[in-house]
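Taking it in order: structure first as structure tokens, then the write-up.
Being a predicted model, the structure only gives us computed values, none of them experimental.
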Amino acid sequence: MIYDLPDLQATEALAKQIASKLQAGDALLLSGPLGAGKTAFSRALLRSVCGDAEMEVPSPSFTLVQIYESPKFPLYHYDLWRLEGADDLIELGWDEAREGVVIVEWPERLGDLTLLDALTIQFSLKNDENRQVILKGWEDRLEPNFGK
């Protein structure tokens, strides 16, 4: 499924829709170039799941993972840009994180740990303001008119 995201509000709206579909054990794999909207999407999704529109959601670029508690399950937001290899991910609590929901920016660095049952969200830049995403996976959960 392809979605045009003309502004931040559209990105946030899509994140909220996906947040409503999340279940413990889920994974979201967010890929795309720097500045394509991965972190903005993650912030909106985390705030929605946690029920706090003002919640501080720092980028995990330097810490590699940020953990959030929601009423339903824990959420683990990974940024693997600086990860040296998939083995480093084990040290960051990957096995424990899989019991909650994982959001992974730069999933290309997962290597053998890539999750086949994940929802993959490919971000791309159309121009300075407009983005586009392609969703792959979760065909059983995302009805044909999802996001429209």
Side-chain angles (χ1 to χ4, degrees), residues 1-53 55 57-68 70 72-86 88-89 92-95 97-148:
M1 293 181 267
I2 299 174
Y3 299 93
D4 287 318
L5 303 174
D7 52 32
L8 180 60
Q9 291 76 19
T11 300
E12 291 172 343
L14 180 62
K16 288 175 185 176
Q17 287 182 312
I18 291 174
S20 73
K21 302 290 185 181
L22 289 176
Q23 302 169 9
D26 281 344
L28 301 175
L29 306 181
L30 313 179
S31 59
L34 288 171
K38 297 179 299 292
T39 301
F41 173 90
S42 297
R43 282 189 179 111
L45 182 130
L46 288 160
R47 288 173 176 156
S48 179
V49 173
C50 293
D52 183 353
M55 180 175 76
V57 181
S59 171
S61 293
F62 297 103
T63 60
L64 301 178
V65 63
Q66 293 284 345
I67 303 169
Y68 302 88
S70 80
K72 297 179 181 179
F73 39 70
L75 299 115
Y76 298 79
H77 183 196
Y78 288 90
D79 184 325
L80 306 184
W81 175 252
R82 298 182 317 124
L83 195 72
E84 292 186 28
D88 293 345
L89 197 53
L92 294 172
W94 181 253
D95 292 333
R98 292 294 296 128
E99 295 173 13
V101 170
V102 295
I103 304 158
V104 181
E105 296 186 42
W106 306 101
E108 304 81 23
R109 291 178 165 75
L110 284 171
D112 292 342
L113 297 175
T114 298
L115 305 163
L116 301 178
D117 60 345
L119 176 62
T120 300
I121 306 173
Q122 173 68 46
F123 289 78
S124 61
L125 297 165
K126 291 179 77 176
N127 59 42
D128 288 344
E129 294 296 319
N130 296 318
R131 273 92 173 122
Q132 186 176 70
V133 295
I134 300 172
L135 303 182
K136 293 180 184 174
W138 293 9
E139 288 81 9
D140 58 329
R141 275 196 258 175
L142 303 181
E143 60 276 353
N145 291 327
F146 181 82
K148 303 292 180 189

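A pairwise comparison of heavy atoms in Pro107 and Leu30 identifies CD-O, 3.0 Å as the closest pair. Of all heavy-atom pairs between Leu119 and Lys136, the closest is CD1-O, 3.4 Å. Listed here is the closest heavy atom pair of Leu75 and Ser70: CD1-CB, 3.7 Å. What you find for Phe41 and Leu14 is that their closest heavy atoms are CE1-C, 4.2 Å. Of all heavy-atom pairs spanning Leu5 and Ala10, the tightest one is CD2-O, 3.6 Å. Nearest approach of Val101 to Gln23, heavy atoms of both residues: CG2-O, 3.4 Å.
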*asked:* Val49 vs Tyr68, test: side chain to side chain contact (heavy atoms under 4.5 Å, CB included). Steps then yes/no.
replied: CA-CA 10 Å; Val49 173; Tyr68 302 88; over 6 Å; no
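Between the side chain of Ser48 and the backbone N or O of Ala44 there is no donor-acceptor pair closer than 3.5 Å. The backbone N or O of Thr11 sits nowhere less than 3.5 Å from a side-chain atom of Arg131 that would complete a donor-acceptor pair. Lys38 places a side-chain N or O within donor-acceptor distance of the main-chain N or O of Pro33, the cut-off being under 3.5 Å. No donor-acceptor pair under 3.5 Å is formed between the side chain of Tyr76 and the backbone N or O of Gly93.
For the atom pair CD (Gln122) and CG (Leu135), the distance works out to 11.0 Å, reported to the nearest 0.5 Å. In this structure, CG in Leu80 is found 9.5 Å from CG in Leu113, a value given to the nearest 0.5 Å. Residue Trp94 holds its CH2 atom at 4.5 Å from CG of Leu115, rounded to the nearest 0.5 Å. Separating the CE atom in Met1 from the CD1 atom in Ile134 is a distance of 11.5 Å, to the nearest 0.5 Å.
No more than 12 heavy atoms of other residues, nucleotides or ligands sit less than 6.0 Å from atom CG of Asp112. Counting heavy-atom neighbours within 6.0 Å of Leu34 CG, excluding the residue itself, gives a total above 12.
Scanning for side-chain contact (heavy atoms from CB on, under 4.5 Å) contacts around Glu108 gives Ser31, Trp106, with sequence neighbours left out. Residues that satisfy the ring-ring contact (aromatic ring centres under 6.0 Å, His included) test with Trp138, not counting sequence neighbours, are absent from this structure. Here Asp4 pairs with Lys126, Gln132 under the side-chain contact (heavy atoms from CB on, under 4.5 Å) rule; sequence neighbours left out.
Each of Lys21, Arg141, Lys72, Arg98 was scored for a salt bridge (charged side-chain N to carboxylate O under 4.0 Å, His left out) with Asp26, with one residue passing: Arg141. Among Leu110, Ile103, Val102, the one residue that satisfies the side-chain contact (heavy atoms from CB on, under 4.5 Å) test with Leu29 is Leu110. The only option from Arg43, Glu105, Gln66 that meets the side-chain hydrogen bond (donor to acceptor under 3.5 Å, both in side chains) definition with His77 turns out to be Glu105.
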